[in-house]
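In what follows, a single structure is set out as C-alpha cells and then discussed.
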Amino acid sequence: MGRFDDCKLQVLRISQRLSSEGFFGSKSGSAGNVSMLVAGENAFVVTPTRMRYDIMTVDDICVVDFELRRIEGERKPSIETPMHLAAYKSRADVSAVIHSHQTYASVLGVLNMPIPPLFDEVTLAVGNIIDIVPYALSGTRELHDNVARKLANRCHCYIIQNHGALCVGANLDQTYTLVELLEKCAAIYCHALATGRPVTVLPENIVAQLHAAVIARQDREIARKNSAAAESEKDAREPEPGR
Ligand code: 13P
C-alpha cells in the first residue's frame, strides 16, 4: 500500500457518498471537490478535475504539496485546489475541505442571504454565522481570495454566491456532517422565509457562548496538531536504537 493510499481512500469514499446523496448537485456529474490534509506534511490529497465520482478509483485521486506541485497521481487536480490550499494555509485547525453544490445552500447563494444562528446544535458545530463568499468565476484566483478572506471568521460552513458551498473541518467525517447540517439549516431557513413570517434567531448571549466554544475547540485542535508535529520532529532527530 502506498504512503498516501489511506488518505486517498478516505477522500474517494466521502466523495462518492456525497455524490450519491446529491450534495454535488447532480448524482452523475463531476461537480464539487474534496480534499484532506496528509498529517504532518505540507501536502494534501484532492479529487481530480472533471471526473464522475461513480467511476473514480483510488488511483485517480491526486496528491499535491503546498506549492501546488503534483506529488502523486496522473490526473489533473480539481480547478479549486488553490481554494482548498487557502483553507489549510489560513486555518491551522482545518484538515479536511468539501466544496459542494448542495441544493438549499445554493438557493440562499442565489438570494445572497447568509444563514443567521437558528439552532444551538448547528451553531455549536458551525459557528455564529453561515456567511456568503462573494461571487467570482469558478477556479479563479479572485474566488480563492474571497474564500480565504471569509475563512478568517473561524466558522465551518460558507455559501458561495451563485455557486455552491464550502465546509471545513478537523477531519473528513466531521466535515461530511457539516455538509449535512448546512443543508438541514438552509432548507429550514428557506421554508421559514417562504411563509413570509418573521424568523426568530438564537439570543445574542447564547450565540456568543456557543461561538466561544467553537473557537476553543479549534484552539485545542491546533495545539494537538502542533504537539504531534513536535513529537514526530523529535522522533526524526533521535538516533535509531543500535546505531
Ligand atoms: P473540478 O471538477 O475541477 O473539481 O471543478 C468542479 C467545481 O465544482 C468547480 O467549482
Side-chain angles (χ1 to χ4, degrees), residues 4 7-37 43-88 90 94 96-110 112 130-151 157-169 172 175-176 178-180 182-183 186:
F4 302 111
C7 294
K8 286 177 163 185
L9 200 58
Q10 288 189 54
V11 165
L12 178 68
R13 285 203 180 126
I14 290 278
S15 303
Q16 289 180 327
R17 191 167 160 206
L18 287 158
S19 177
S20 67
E21 294 191 4
F23 287 114
F24 289 145
S26 70
K27 295 185 182 181
S28 59
S30 67
N33 28 75
V34 176
S35 76
M36 173 186 170
L37 202 62
F44 59 101
V45 164
V46 63
T47 45
T49 188
R50 293 185 173 194
M51 184 168 192
R52 280 173 53 168
Y53 294 94
D54 55 350
I55 56 163
M56 207 177 271
T57 71
V58 170
D59 292 335
D60 295 315
I61 309 289
C62 314
V63 187
V64 295
D65 68 16
F66 274 22
E67 269 71 52
L68 296 177
R69 287 181 299 237
R70 227 177 308 171
I71 300 178
E72 205 173 275
E74 295 299 310
R75 294 196 177 267
K76 198 167 171 276
S78 166
I79 57 165
E80 308 292 14
T81 303
M83 179 164 91
H84 293 245
L85 176 65
Y88 297 127
S90 59
V94 169
V97 177
I98 297 175
H99 164 47
S100 63
H101 285 192
Q102 52 196 90
T103 309
Y104 278 100
S106 302
V107 172
L108 295 166
V110 298
N112 199 13
I130 299 173
D131 213 351
I132 303 280
V133 174
Y135 177 80
L137 189 65
S138 304
T140 60
R141 171 84 193 265
E142 193 186 349
L143 177 62
H144 304 149
D145 287 348
N146 291 350
V147 165
R149 265 192 292 277
K150 257 325 151 183
L151 284 160
C157 296
Y158 304 85
I159 295 167
I160 308 177
Q161 189 182 9
N162 290 77
H163 184 163
L166 185 78
C167 295
V168 299
L172 266 184
T175 311
Y176 181 88
L178 290 166
V179 171
E180 289 186 315
L182 167 59
E183 195 61 359

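Counting convention: from 1, in listed order, for ligands and their atoms alike. The structure presented is a predicted model; accordingly, all values stated were derived computationally and were not measured.
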Among protein heavy atoms, which sits nearest to atom 4 (O) of ligand 1, and what does the distance come to when rounded to 0.1 Å?
S78 OG, 2.7 Å
Using a 4.0 Å heavy-atom cut-off, say whether M51 meets ligand 1 through its side chain, its backbone, both or neither.
neither
Between H99 and H84: side-chain donor-acceptor atoms closer than 3.5 Å
no
Atoms of ligand 1 under 4.0 Å from any heavy atom of G32, numbered from 1 in the order shown, are 4 (O), 6 (C), 7 (C), 8 (O)
Side chain to side chain, E142 and L137, heavy atoms closer than 4.5 Å:
no
Please state which option from L143, I79, V34, L137 has its nearest heavy atom closest to atom 5 (O) of ligand 1.
I79
With I71, the side-chain contact (heavy atoms from CB on, under 4.5 Å) member among D65, V64, V45:
D65
Please report whether ligand 1 has a polar contact with A31, defined as an N or O pair separated by less than 3.5 Å (distance criterion only).
no
Taking only heavy atoms of H101 into account, list the atoms of ligand 1 that are under 4.0 Å away from them.
8 (O)
Is there a side-chain contact between L143 and H163, using heavy atoms and a 4.5 Å cut-off?
yes
Test I14 against every option in I98, L9, T47 by the side-chain contact (heavy atoms from CB on, under 4.5 Å) rule and name the one that passes.
I98
Between P48 and ligand 1, does any nitrogen or oxygen pair lie at a separation below 3.5 Å?
no
A student checking ligand 1 against S30 at a 4.0 Å heavy-atom cut-off should list atoms 2 (O)
Quick check: do E80 and H144 have side-chain heavy atoms less than 4.5 Å from each other?
yes
Which bit of T49 is near ligand 1, meaning a heavy atom under 4.0 Å away: side chain, backbone, both or neither?
both
Sort out for me which residue in M51, R52, M56 forms a side-chain contact (heavy atoms from CB on, under 4.5 Å) with D54.
R52
Protein residue, atom and distance nearest to atom 2 (O) of ligand 1, heavy-atom basis
R50 N, 2.8 Å
Within ligand 1, which atoms have a heavy atom of N33 less than 4.0 Å away?
1 (P), 4 (O), 5 (O), 6 (C), 7 (C), 8 (O)
So do S35 and T81 actually touch side chain to side chain, heavy atoms under 4.5 Å?
no
Name the closest protein heavy atom to atom 9 (C) of ligand 1, giving the residue it belongs to and the distance to 0.1 Å.
E80 OE2, 3.3 Å
Against heavy atoms of H99, which atoms of ligand 1 measure under 4.0 Å?
8 (O), 10 (O)
